[in-house]
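Heads up, the thing below is written out as structure tokens.
The model shown is predicted, which means the values in this text are computed figures rather than measured ones. Computed from heavy atoms alone, side chains included, the values below leave out hydrogens, waters and symmetry copies.
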Amino acid sequence: MITVNEFANVLEGDNILLVGGKQNTNKEIAYLTSMELTEKTSRMKEKGFVMTTFHAFKDVNQIISHLEWMQEIGISAIGFHTAALKTIPKEVVDYSNTHSFPLFEIPQEVPYYSIHEKYNQLVNKKENEQASKIHKLNEKLMEIVLLEKDLNSIVKVIGEYINNVVCVLDPYFDLMAYWKTKEQTRDEIKHLINLIINQHKENVLKVRFTNRETNIAVKRDSLSDQNFKVAPLFSKMNFLGYLIICQNGTADKFSEEVIKNGIRALSLAAYNKNTLLHYQKSKDIEMLEGIFQGESDDKSLSDFYMDLKKVRCIFQVQSSSPETIQSKLQMLSESLIENEINSQLWIYNRKIVGVIDSILDRERVAKILADYPGIRIGVSAIDEVNHCSKIKAMYDQSSMGLLHGHIHDAQLVFWDEMGIEKIAYNLQSHHLFQNFDEELLGPLIAYDLEKNASLTETLYTYLKHFFNLQKSSGELFVHPNTVKYRLQKITELMQMDIQNPSHYSMLMMAFSIYRFKQKADHFQ
């Protein structure tokens, strides 16, 4: 951009002096032209430097009238050539000063073409300076990438050059980096991002899926609309986020080049960061899987990139359609993970495993499950991690939750909400209790097989309803007297007082193990 003041400094060397309107010399000169006729032609555009002798004008009043018109259409400055009028009329100089309209006096011996040459030389000089500046900015951008500095360093280079708002959002619209003017606050930037997403979410998403830039106009309360460019940040086939730039006053070609190079640098930096983060996450996942398999003694919490001390629970997800597990992983990633750094979600042993730093909200998860009836979720205890062995325990708890959901046909099971099954599912693996259910329930099971009876089911239902005959008969769809008869036979076969509290506890434990054995073989 060439300003009136810069051009005046160049012209002064040829004794072409600024004689009026000196208080308004910061205006841009976009082109030079000459005018010798009195017509008000449409070829006159804003930001022009108009050279004229005014020889065709009949008097000063007509000249002043023409000056008013030229100022009205946005002409930046007038070059009054003294070939016809040897002296610029005082009224013209007074108008120039009064209305802050820059006025140059061109000596009669100076031809127009020499002024054009001066202007072109200045334009070339400025463009060379800008090109050199852009080259240095590009080098700086690449240096930032190579030194693996954060995204804010790149955004700062772009923002300072265009002197306007620049923001980088991640794929989920979270603010990753930004540059603002001194007058703006961080809260204003956040509010601006919210306006953009609320008003143009579909347009912004389209940028991601079409890999094309778009321009949007954002309506602001009691303020004029602001125009923004939204550009995608891609590296290879990975989508890394969005670059959002305020377009007001940033339309020159050099700004566009800075923005283009900035996008390239941001994509490289984000890819490098993403690659490093992916590596760190992969290492964490590898170590977590080792802990799940019982290798916790040789690992320390400090070995992990993620802060395991912030982890609050572990959950596992099993799908009835294993081929859709990847899509469900994406869905759960967007719905459940609050903090990407201290939460991990991945597929392990044909299940989704989540190690997260937040507490799963039952109502929120229930809404998700309503839309996805083919999945089950087992959730560990809500606890604090002070040793890697705690991670192993929480993983096993979530496994038990999944198993309990499979046995009892429940979609969502929290370890903290389970009852005696917590003990039963683990007790049966101990060598002293492998046949615990058969030792207590064997006579009933054998009788049912021989007589095609239902004594085992009757006893479980009766115990489950705490010896309530009416509820038990209602669930079994038989008469209460039938239940009474069966209970007499059960007592006879088992030779045990089933209403004894100790016997009751053992029987419930035995039933838990019995039901576990019935379905565990089919559980994956």
Side-chain angles (χ1 to χ4, degrees), residues 318 320 362 366 369-370 373-379 397 399-524:
Q318 187 175 36
S320 58
R362 171 176 276 282
L369 290 173
I375 64 175
R376 300 187 196 280
I377 300 180
V379 186
Q397 289 167 353
S399 297
M400 287 293 107
L402 268 188
L403 175 60
H404 187 77
H406 179 73
I407 292 172
H408 293 273
D409 196 25
Q411 266 196 286
L412 178 62
V413 177
F414 285 77
W415 172 263
D416 291 336
E417 297 174 2
M418 290 172 59
I420 199 170
E421 293 87 359
K422 288 181 181 179
I423 302 170
Y425 296 156
N426 290 283
L427 188 66
Q428 61 84 31
S429 62
H430 193 282
H431 69 280
L432 292 178
F433 298 94
Q434 285 180 346
N435 299 315
F436 181 73
D437 56 326
E438 296 174 18
E439 291 171 6
L440 265 69
L441 305 176
L444 302 186
I445 296 170
Y447 184 87
D448 286 345
L449 287 173
E450 182 181 347
K451 305 292 185 178
N452 194 25
S454 303
L455 297 186
T456 309
E457 182 186 9
T458 300
L459 178 59
Y460 176 71
T461 305
Y462 187 61
L463 295 175
K464 184 176 69 173
H465 289 297
F466 296 103
F467 316 114
N468 187 306
L469 198 61
Q470 293 299 325
K471 289 183 178 179
S472 300
S473 61
E475 182 175 327
L476 294 167
F477 299 105
V478 297
H479 194 276
N481 289 336
T482 302
V483 177
K484 281 184 179 180
Y485 168 77
R486 291 178 182 175
L487 289 172
Q488 289 174 357
K489 190 64 180 176
I490 287 168
T491 303
E492 177 187 324
L493 289 171
M494 297 190 69
Q495 297 182 348
M496 179 188 293
D497 180 7
I498 61 176
Q499 296 197 6
N500 180 294
S502 178
H503 295 168
Y504 174 86
S505 299
M506 285 199 304
L507 285 169
M508 289 304 292
M509 186 81 73
F511 272 114
S512 292
I513 295 173
Y514 176 65
R515 297 190 68 180
F516 167 78
K517 287 181 176 179
Q518 283 183 310
K519 292 194 174 183
D521 289 341
H522 304 288
F523 177 75
Q524 292 182 332

Should we say atom CG of Asn452 is surrounded by more than 12 heavy atoms from elsewhere, each under 6.0 Å from it?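 12 or below, so no.
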For atom CZ of Phe467, is the number of surrounding heavy atoms from other residues, nucleotides or ligands below 6.0 Å larger than 12?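 Count over threshold, so yes.
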My understanding is that only one of Asn435, Leu440, Leu441 makes a side chain to side chain contact (heavy atoms under 4.5 Å, CB included) with Glu438; could you say which? Asn435
Minimum heavy-atom distance between [X] and [Y], given as atom pair plus value:
X	Y	result
His465	Ser472	CB-OG, 3.9 Å
Arg362	Phe414	NH2-CD1, 3.3 Å
Tyr504	Leu463	OH-O, 3.1 Å
Phe436	Met506	CE2-O, 3.6 Å
Pro480	Gln470	CG-NE2, 4.0 Å

Has the side chain of [X] got a donor or acceptor atom that lies under 3.5 Å from a matching backbone atom of [Y]?
X	Y	answer
Glu421	Ser512	no
His503	Ile498	no
His479	Asn481	yes
Asp448	Thr456	yes

Go through Leu412 and Arg376 one step at a time and tell me if the side-chain contact (heavy atoms from CB on, under 4.5 Å) criterion holds. CA-CA 6 Å; Leu412 178 62; Arg376 300 187 196 280; over 6 Å; no
Can you confirm whether [X] sits close enough to [Y] that some side-chain heavy atom of one is under 4.5 Å from a side-chain heavy atom of the other?
X	Y	result
Lys471	Thr461	no
Leu369	Ile375	yes
Leu402	Val413	no
Met509	Ile420	yes

Mind checking whether Phe511 and Tyr514 have parallel, tilted or perpendicular rings, split at 30° and 60°? perpendicular
Kindly determine whether Arg515 and His408 satisfy side-chain contact (heavy atoms from CB on, under 4.5 Å), including the steps that lead there. CA-CA 9 Å; Arg515 297 190 68 180; His408 293 273; 3.6 Å; yes
How many angstroms lie between [atom1] in [X] and [atom2] in [Y], if you round to the nearest 0.5 Å?
X	Y	atom1	atom2	result
Leu455	Tyr485	CG	OH	8.5 Å
Met494	Leu507	CE	CG	5.0 Å
Gln495	Ile490	CD	CD1	14.0 Å
Ser399	Trp415	OG	CH2	10.0 Å
Met400	Ile423	CE	CD1	13.0 Å
Lys489	Leu487	NZ	CG	13.0 Å

Does the distance from a Lys or Arg side-chain N to an Asp or Glu carboxylate O, for Glu457 and Lys464, drop under 4.0 Å? no
Exercise: do Arg486 and Tyr462 side chains pair donor with acceptor under 3.5 Å: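 There is no such pair (donor and acceptor under 3.5 Å, judged by atom type) between the side chains of Arg486 and Tyr462.
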